[in-house]
Undergrad: 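Got a structure for you, written out below as structure tokens; questions coming shortly.
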Protein chains: 2
Amino acid sequence: MGTHHRGTEEEVRALDAYIKLMRAANALTARVHRHLAEERLTISQFGALEALYHLGPLCQKDLGRKLLKTDGNITLVVDNLEKRGLVERRRDAKDRRYVMVHLSDEGRELIRRTFPRHVAGVVEALSVLDPSEQQELARLCRIVGKRAAD
Amino acid sequence: MGTHHRGTEEEVRALDAYIKLMRAANALTARVHRHLAEERLTISQFGALEALYHLGPLCQKDLGRKLLKTDGNITLVVDNLEKRGLVERRRDAKDRRYVMVHLSDEGRELIRRTFPRHVAGVVEALSVLDPSEQQELARLCRIVGKRAAD
DNA sequence: CGCTATTATTTCAACATTAAACTATATACC
DNA sequence: GGTATATAGTTTAATGTTGAAATAATAGCG
């Protein structure tokens, strides 16, 4: 087991699952990032572009909700995407608190080109599990994630 | 399912598992960090202290291998722990390339006090799964992590 | 022995991330 | 209508994170 802790069975079991889950997440993140690095995209930038691509223009608050990130973080990520001309900020005329983030043509083209490779990478990484195992993994993670989130 | 992508069954299944795994890892990380924040410890700092506590003094390279982090990262994390007096750097006399990192008395006391609460938090977060589910989650994550790592 | 390759660590630039303080705008309600 | 409250976004300080370049020390080998 992946832990050096001497504890009850319950503790060792929970710690082992925890560590394995974290390592799997880290390893997957690193692998996915390898793809993205070729386009000089970070994972956060890719996540933002993908959300805008699939959901259409979003205000920064909603973007943060989708990506589970803080306001300040979204400000920076959008800053960096804007610098590269991949997205455009448009202040909402009706409620001037909101900043709607739109994909630029270049951003749309980039995410359209990049997304299939991302999908292929994820499929490949998870192909070590058969379909029912993938579904079981998703089910267990959903339960754990839901509990941990509250 | 957690994805808006229109693709083959295989793709949707893999993406769903991927997203659920990432969200579970994020949520668990945030929850664990809540505990640690009370002691003004980051997750990385806690990880380093824990490794030193359970494995004894390590050089920074080995610490990085345990925590799956880069050399430069370890330098910074150890810097911050050292500033707080929780660890001590000792240059190896035989091979002066190595810096051995030792827990200070204060660091040992802190991790001894903190670790049980960490364990309790992990046990609590995973208690939504029964024992066999936890083991299955660990098994699936181990497989995915191993593949993704190479 | 002396040169080369390897290994451990540090430094640096760029980006991520959070929490907290702050600004700007809009809403609610008396 | 004016004031309190809530919401969106920005800024700042601290830490993390990587990848690449730079340092320092050792090991291998002709």
Side-chain angles (χ1 to χ4, degrees), chain A residues 22 25-49 57-84 86-101, chain B residues 22 25-27 29-49 57-84 86-101 149:
Chain A
M22 291 302 168
N26 280 346
L28 273 178
T29 299
R31 159 165 287 255
V32 164
H33 187 264
R34 271 212 299 261
H35 274 160
L36 301 182
E38 294 167 21
E39 304 282 358
R40 283 205 196 73
L41 280 180
T42 67
I43 292 180
S44 291
Q45 291 170 356
F46 176 82
L49 293 180
L58 294 172
C59 75
Q60 297 190 183
K61 198 78 184 177
D62 285 343
L63 204 45
R65 279 191 268 263
K66 288 293 168 196
L67 306 178
L68 304 176
K69 294 292 151 61
T70 59
D71 300 349
N73 185 18
I74 297 298
T75 293
L76 179 73
V77 172
V78 172
D79 277 353
N80 287 329
L81 289 171
E82 201 177 29
K83 274 185 211 154
R84 275 182 65 183
L86 299 176
V87 303
E88 200 183 311
R89 277 185 167 104
R90 297 192 204 150
R91 180 70 66 172
D92 186 314
K94 301 205 176 110
D95 187 334
R96 298 190 46 73
R97 287 174 301 184
Y98 290 75
V99 174
M100 300 302 289
V101 184
Chain B
M22 289 305 168
N26 280 346
T29 298
R31 160 165 287 254
V32 163
H33 185 264
R34 271 212 301 260
H35 275 161
L36 301 181
E38 294 168 20
E39 304 282 358
R40 281 204 198 74
L41 280 180
T42 66
I43 290 182
S44 290
Q45 291 169 354
F46 176 81
L49 293 181
L58 294 170
C59 75
Q60 297 189 180
K61 196 79 186 177
D62 285 343
L63 205 43
R65 278 191 269 263
K66 289 293 167 193
L67 305 179
L68 304 175
K69 293 291 151 62
T70 59
D71 300 349
N73 184 19
I74 297 298
T75 293
L76 179 74
V77 171
V78 172
D79 278 352
N80 287 327
L81 288 172
E82 201 178 29
K83 275 184 212 155
R84 275 182 65 185
L86 299 176
V87 304
E88 201 183 311
R89 278 185 166 103
R90 298 192 203 149
R91 182 69 65 171
D92 187 314
K94 303 204 173 106
D95 187 335
R96 299 191 45 76
R97 287 174 302 184
Y98 290 75
V99 174
M100 300 301 290
V101 184

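Everything numeric here is computed off the predicted structure, so don't read it as measured data. Chain naming here is simple, since letters A, B, ... match the order of the sequence lines and numbering starts at 1 in each.
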Undergrad: A/Arg89 near the nucleic acid: base, sugar-phosphate alone, or nothing, with a heavy-atom cut-off under 4.0 Å?
TA: sugar-phosphate
Undergrad: May I ask you to check whether B/Arg89 and B/Gln60 show a side-chain donor-acceptor distance below 3.5 Å?
TA: yes
Undergrad: If you assign A/Thr42 and A/Asp92 each to the DNA chain C nucleotide with the nearest heavy atom, which residue ends up on the more 5' nucleotide?
TA: A/Thr42
Undergrad: Can you figure out which of C/dA8, C/dT10, D/dA8 approaches the side chain of B/Tyr98 most closely?
TA: C/dA8
Undergrad: In this structure, how many angstroms lie between the C1' atom of C/dT9 and the CD atom of B/Glu82, rounded?
TA: 13 Å
Undergrad: Looking at D/dG19, I'd like to know if its phosphate oxygens (OP1 or OP2) sit under 4.0 Å from a side-chain N or O belonging to B/Thr70.
TA: no
Undergrad: C/dA16 C1' sits how many Å from B/His33 NE2, rounded?
TA: 14 Å
Undergrad: Determine the contact category for A/Lys83: base if any of its heavy atoms lies under 4.0 Å from a base atom, sugar-phosphate if only primed atoms, P, OP1 or OP2 are that close, otherwise nothing.
TA: nothing
Undergrad: Rounded to the nearest angstrom, tell me the gap between atom CD1 in A/Ile74 and atom P in D/dG9.
TA: 10 Å
Undergrad: Using a 4.5 Å cut-off on heavy atoms from C-beta on, say whether the side chain of B/Leu86 contacts that of B/Leu41.
TA: yes
Undergrad: Phosphate oxygens OP1/OP2 of C/dT11: is one of them under 4.0 Å from a side-chain N or O of B/Thr75?
TA: no
Undergrad: By nearest atom, which of the nucleotides D/dT10, C/dA8, D/dG16 is closest to the A/Gln60 side chain?
TA: D/dT10
Undergrad: Inspect the contact between B/Arg97 and B/Asp95 and indicate whether a charged nitrogen and a carboxylate oxygen are less than 4.0 angstrom apart.
TA: yes
Undergrad: Determine whether more than 12 heavy atoms belonging to other residues, nucleotides or ligands lie under 6.0 Å from atom CZ of B/Arg40.
TA: no
Undergrad: Could you check which of C/dA16, C/dT9, D/dG16 has an atom nearest any side-chain atom of B/Ser44?
TA: D/dG16
Undergrad: Base, sugar-phosphate or nothing for A/Asp95? Non-hydrogen atoms, less than 4.0 Å.
TA: sugar-phosphate
Undergrad: What is the separation between atom CE on B/Met100 and atom P on C/dT9, rounded to the nearest whole Å?
TA: 9 Å
Undergrad: What is the separation between atom CG on B/Leu76 and atom C1' on C/dC15, rounded to the nearest whole Å?
TA: 14 Å
Undergrad: Could you check whether B/Arg84 pairs with B/Glu82 (Lys NZ or Arg NE/NH1/NH2 to Asp/Glu carboxylate O, under 4.0 Å)?
TA: no
Undergrad: Return no unless some side-chain N or O of A/Asn73 is found under 4.0 Å from OP1 or OP2 of C/dT18.
TA: yes
Undergrad: Counting only side-chain heavy atoms from C-beta out, which of D/dG16, C/dA26, C/dA16 sits nearest to A/Arg96?
TA: C/dA26
Undergrad: Starting at NZ of A/Lys69 and ending at C1' of C/dA16, how long is that distance when rounded to a whole Å?
TA: 8 Å
Undergrad: Quick one: label B/Asn80 by what it contacts on the DNA or RNA (base, sugar-phosphate, nothing), any heavy atom closer than 4.0 Å.
TA: sugar-phosphate
Undergrad: Take atom CG of A/Asp62 and atom P of D/dG9, then tell me their distance rounded to the nearest Å.
TA: 8 Å
Undergrad: Expressed as a whole number of angstroms, how long is the span from B/Leu68:CG to D/dG19:P?
TA: 13 Å
